[in-house]
Amino acid sequence: MTKHPFAYFLQKLRHGHQTLFHRRLRADPDTIRKVLIDLRHDCADLAADLLARLELVLAEIMNNMAEHGRAQADGSLLPSYIHLCVFDHPKGVACILGDNGQILPPTCLIRSDLTLGEPLAEGGFGWFIIRETTRSLCYFRGKRRNYLTFVIPQTSDSAQTPTKAQFSADCKR
Amino acid sequence: MKLMVEECQGQLRITVQERRLDAANASRFRDLLRPKVNHPGPPVMIDLSAVDFIDSSGLGAVVAIKKAMDPGRDISLYGLSSQVSRVFQLTRMDRVFTLIPAIKNGAYGER
């Protein structure tokens, strides 16, 4: 692959469909919030339910990226930078996100059910929401960057039978 | 973080005066409210009418508040928008919390 991986996936996935939203941002909760508010404004033409599911999934993914920034030699973390593109897709909207944070554990993409045991868990909902709300969820790692691609279906009913997520440790596809 | 906490009609009513309950403010929300509920007292009702977005961080904060409560106290959530309800239903937390939909005349807990 000679192209930058983000450009490669964008070209491969977009197939000439219209770009709806495009940002490069620092991965911190305040910046992510501002970008999601911009998303609501810029994508206001989308169906309200589709836009709501898109906003939720992007919040979960980007805040996860913010929690797993660039690891330094002393064990501290520097914020990563996120590249986000949302574009029109025949089945809803498609997204690609890249960041330069830590590698994503493959277990994040494995479908599993939630258990409501005692004591109640205060976390662990984020990846469950992502898996349940997206279709065609794929992860790639390349050039020390993470890439996630997925589709948010037009209706929430069509997310009830999600496709199996894919994990690839490199981009040579 | 804008909150209003008042005892009213036999409830501790917590009104969240924020549009979003997300990773940017969930910790603050949790830390402000835990000391208000971690002792015996009347049932707690959290009014989320003003909230139009919640993510898993916000949800986790609400769960943390429930867990901090004295075991004998009840908690209910009022005025959930469809976007907020979606997160509780998706994560099955609608089985854990009493969810009261918003009603137009502004009365609490009545249909």
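Protein chains get the first letters and strands the later ones, always in sequence-line order, with residue 1 at the start of each.
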Side chain / backbone / both / neither for B:V62 at chain A, heavy atoms under 4.5 Å
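B:V62 has no heavy atom closer than 4.5 Å to chain A.
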Select one option (side chain, backbone, both, neither) describing which atoms of B:R86 are under 4.5 Å from chain A's heavy atoms.
side chain
Would [X] and [Y] pass as an ion pair if we require N to O under 4.0 Å?
X     : Y      : value
B:D22 : A:R33  : yes
A:R23 : A:D38  : yes
B:K67 : A:E122 : yes

Between A:R53 (side chain only) and A:Q154 (backbone N and O only), is there a donor and an acceptor less than 3.5 Å apart?
yes
B:R73 side chain to B:H39 backbone, donor-acceptor under 3.5 Å
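Yes: the side chain of B:R73 pairs with the backbone of B:H39.
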For each of A:A52, A:G123, A:A48, tally heavy-atom pairs with chain B at distances under 4.5 Å, and name the one with the top tally.
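Ranked by heavy-atom pairs under 4.5 Å with chain B, first place is A:A52.
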Determine the option with the most heavy-atom pairs under 4.5 angstrom with chain B, choosing from A:D49, A:L36, A:N63.
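Option with the greatest count: A:D49.
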At a heavy-atom separation under 4.5 Å, does A:D28 approach chain B through its side chain, its backbone, both, or neither?
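Looking at A:D28, nothing touches chain B.
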Using heavy-atom distances under 4.5 Å, tell me whether A:A66 contacts chain B through its side chain, its backbone, both, or neither.
neither
Tell me the salt bridge (Lys or Arg N to Asp or Glu O under 4.0 Å) pairs involving residues 66-86 of chain A, sequence neighbours left out?
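Those involving residues 66-86 of chain A do not exist here.
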When B:R95, B:R30, B:R20 are compared by non-hydrogen pairs under 4.5 Å with chain A, the top option
B:R20
